[in-house]
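Step one of this worksheet: look at the structure below.
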Amino acid sequence: MFSLRGCGLCVAASLSKKHLPLARFLGDSAAPVAANFDVVVIGGGHAGTEAAAAAARCGSRTLLLTHRVDTIADGSTVHAESVVLTTGTFLRGVIVIGLETHPAGRLGDQPSIGLAQTLEKLGFVVGRLKTGTPPRIAKESVNFSILNKQTPDNPSIPFSFINETVWIKPEDQLPCYLTHTNPRVDEIVLENLHLNSHIKETTRGPRYCPSIESKVLRFPNRLHQVWLEPEGMDSDLIYPQGLSVTLPAELQEKMITCIKGLEKAKMIQPGYGVQYDYLDPRQIAPSLETHLVQRLFFAGQINGTTGYEEAAAQGVIAGINASLRVKRKPPFVVSRTEGYIGVLIDDLTTLGTNEPYRMFTSRAEFRLSLRPDNADSRLTFRGYKEVGCVSQQRYERASWMKSSLEEGISVLKSIEFSSSKWKKLIPEASISIGKSLPLRALDVLKYEEVDMKLLAKAIPEPLKKYIKCRELAERLKIEATYESVLFHQQQQINEVQQDEALQLPKDLDYLTLRDVSLSYEVREKLHFSRPETIGAASRIPGVTPAAIINLLRFVKTTQQRQMAMNELPKADQSLCDTESLEESQL
């Protein structure tokens, strides 16, 4: 059991069904008391809130603690069976603005020094990363009228499968606006690099959401997008996404007012950089439990990731497994084939990272199968049966959808007509009547112009019942669309698996290699890692399945050409020998 005492922490919320009075923790009692919890989550960001919610849904008595010095009250001791650390950027965090540095995990919040030292003393391997945030701008000072307006989706798609619609109407949602940097912004950045210590640091920053300084240096003479996003429904602040910056505050203001629509912008808070400790994620298991300390779990930026979704995903898994650990049940692990959560955690725990890790679809070998529309069929049933973190309502909804999809696909496969008959039934479809083979209804649904509503109109029985639910009709369309490409992807997977042991030439210069389609990031990673085989290359984070296929075909084609060239002298020699023999016989 963990004992948490004098950690500089206070209670934020108790998410279990049995709530304890906050007075016991906030100093209203006469004497400090000890409290026992199944799971204690430290950190109230994206990872922490998801971890606490997941553990509570699993039935564990859960406490969420957050780090705020101004609310520390009374020396109480909290006992926990499992602990989840979600410290974000707070471990020995330092904020950087220009040449000034301040110890902080976030503007206005003190860093966690003691916790970082404790983890180091326990034997954890610590690394250093950096990230940044853009300035905040007063909404009233922006000239939106001259900018490119981006309206929300209509109809909006809810995140949850149990919701038919979102809670807010499309017309009531807030739009975003697009503007761009210009050469004057570049000039301000380049002229003042000597006043920017953050950009000079060798500490690795995020590759995919770099600061404006990094973009100017890496991609000179380009315009860069700046998305003006409202901070919230009731907020007066604008978040200029794409303008993360660590220049001195006065230069940030000067740069902002050079941008279209922001000529009179008022900066409320400057942008700043953050440098912080992270722990090598190879020190945790796929359950996110640490190898060194049993029942201690890490989630979020402490594991070297960056991004809201990445943190939240880890929080869910850590919270579930912290709860399962208390109950002495097997860990819950998502595989690479089941979800992006599995890809992310597998990459981190097996290969580690030396830069802030982000999850992309391209990192998944089976990404055409890992879609938002089918997440319920991949993970809901496991969450219900193995963990107990899924409600009965959600489980029943997923079960109904699964059986309806299977039935619908079976019916669509069973309906077959000639192409000419299909053309008469659905004139809108671009079906070629020259095809001699019969077409299934599932094949017709693949055409862009055809949806389930149109198909059911042509063949009311037995298809009309599948259009009563909008989500079911849409998912049947998606399943039809992806049927052939999923088959093709599986063939590619088989191709790579068959040639996993294929040796890669040791003299390949990946950075300058021509005749093969590889992104610069993939070339960098291959150049650094120098994998010996195709299989080894496929396991490098960031080397996409498509890149592996292209590399595989390039190597095989090169080898075939080399073999043909090697055979050419033999053929020439054989011809010469034949001619010599003929001459001697004459």
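All residue numbers refer to positions in the sequence shown, counting from 1. No hydrogens, no waters, no symmetry mates; every other heavy atom, side chains included, goes into these values.
Taking a cutoff of 4.0 Å between a charged side-chain nitrogen and a carboxylate oxygen, Lys169 and Asp172 do not qualify as a salt bridge. Salt bridge Lys329/Glu386: absent, no basic N to carboxylate O contact under 4.0 Å. The pair Arg61-Asp38 does not count as a salt bridge, with every side-chain nitrogen at least 4.0 angstrom from each carboxylate oxygen. Under a 4.0 Å N-O distance rule, the pair Asp376/Lys402 does not qualify as a salt bridge. Remark: Arg397 engages Glu471 in a salt bridge, criterion side-chain N to carboxylate O under 4.0 Å. Classification of Glu355 and Arg207 as a salt-bridged pair holds, one side-chain N sitting under 4.0 Å from a carboxylate O. Taking a cutoff of 4.0 Å between a charged side-chain nitrogen and a carboxylate oxygen, Arg371 and Glu479 qualify as a salt bridge.
In this structure, the separation between CD1 on Ile409 and CZ on Arg440 is 10.5 Å, given to the nearest 0.5 Å. Leu425 contributes atom CG, which lies 6.5 Å from atom CZ of Phe417 (distance to the nearest 0.5 angstrom). Leu243 contributes atom CG, which lies 5.5 Å from atom CD1 of Ile212 (distance to the nearest 0.5 angstrom). Here the CG atom belonging to Leu228 is positioned 10.5 Å from the CG atom belonging to Asn148, to the nearest 0.5 angstrom.
Between Phe297 and Val83, every side-chain heavy-atom pair lies at or beyond the 4.5 Å cut-off. Ile42 has its side chain out of reach of Val84: every pair of non-hydrogen atoms, C-beta onward, lies at least 4.5 Å apart. Here the side chains of Thr306 and Gln301 are in contact, with some heavy-atom distance below 4.5 Å. Contact of the Ser369 side chain with the Leu486 side chain is registered, since non-hydrogen atoms from C-beta on lie closer than 4.5 Å. Looking at heavy atoms from C-beta onward, Leu454 lies in side-chain contact with Glu428 at the 4.5 angstrom threshold. Looking at heavy atoms from C-beta onward, Ser211 lies out of side-chain contact with Lys130 at the 4.5 angstrom threshold. When side chains are defined from C-beta on, Glu81 does not count as touching Arg325, because their heavy atoms never get closer than 4.5 Å.
Without hydrogens or angle criteria, Asn321 side chain to Ser287 main chain gives a donor-acceptor distance under 3.5 Å. Using a distance-only test at 3.5 Å, with no hydrogens or angles considered, a donor-acceptor pair links the side chain of Thr181 to the main chain of His224. A donor-acceptor pair under 3.5 Å is absent between the side-chain atoms of Thr481 and the main chain of Lys446, judged by distance alone. Of the possible polar contacts, none joining the Lys149 side chain to the Leu178 backbone as a donor-acceptor pair under 3.5 Å is found. Side chain of Arg295 to main chain of Glu289: no donor-acceptor pair is present (N/O by atom type, distance under 3.5 Å, no hydrogens or angles). Here the side chain of Ser519 pairs a donor or acceptor atom with the backbone of Val522 at under 3.5 angstrom. Under a 3.5 Å cut-off, the side chain of Glu310 and the backbone N or O of Met359 do form a donor-acceptor pair.
Applying the 6.0 Å contact sphere to NZ of Lys266 captures no more than 12 heavy atoms from other residues, nucleotides or ligands. Within 6.0 Å of NZ in Lys457 there are 12 or fewer heavy atoms belonging to other residues, nucleotides or ligands. A 6.0 Å sphere centred on CD of Glu448 holds no more than 12 heavy atoms belonging to other residues, nucleotides or ligands. Within a 6.0 Å sphere centred on CZ of Phe161, other residues, nucleotides and ligands contribute more than 12 heavy atoms. More than 12 heavy atoms of other residues, nucleotides or ligands shown are found within 6.0 angstrom of CD on Gln392.
Side chains of Ser60 and Thr62: no donor on one and acceptor on the other come within 3.5 Å. Judged by distance alone, the side chains of Gln173 and Ser156 do bring a donor and an acceptor atom under 3.5 Å apart. Inspection of the Tyr278 and Asn303 side chains reveals no N or O donor paired with an N or O acceptor under 3.5 Å. A donor atom on one side chain and an acceptor atom on the other are found under 3.5 Å apart for Thr133 and Arg136.
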- Task: Could you please spell out the steps behind the salt bridge (charged side-chain N to carboxylate O under 4.0 Å, His left out) verdict for Arg336 and Asp346?
- Result: CA-CA 7 Å; Arg336 297 183 72 92; Asp346 183 59; 2.7 Å; yes

- Message: Before you tell me yes or no, could you show the steps for Glu338 and Arg382 under salt bridge (charged side-chain N to carboxylate O under 4.0 Å, His left out), namely the whole-Å CA-CA distance, both residues' side-chain angles and the distance that decides it to 0.1 Å?
- Response: CA-CA 10 Å; Glu338 290 179 296; Arg382 287 197 63 200; 2.9 Å; yes

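Residues Pro175 and Pro152 approach most closely at CA-CD, 4.5 Å, considering heavy atoms. A pairwise comparison of heavy atoms in Ser414 and Val411 identifies OG-O, 2.6 Å as the closest pair.
Cation-pi geometry between Arg363 and Tyr340 is not met: the NZ or CZ atom fails to fall both under 6.0 Å from the ring centre and inside 45° of the normal.
Partners of Phe144 by ring pair (Phe, Tyr, Trp, His ring centres under 6.0 Å), not counting sequence neighbours, listed by chain and number: Tyr177.
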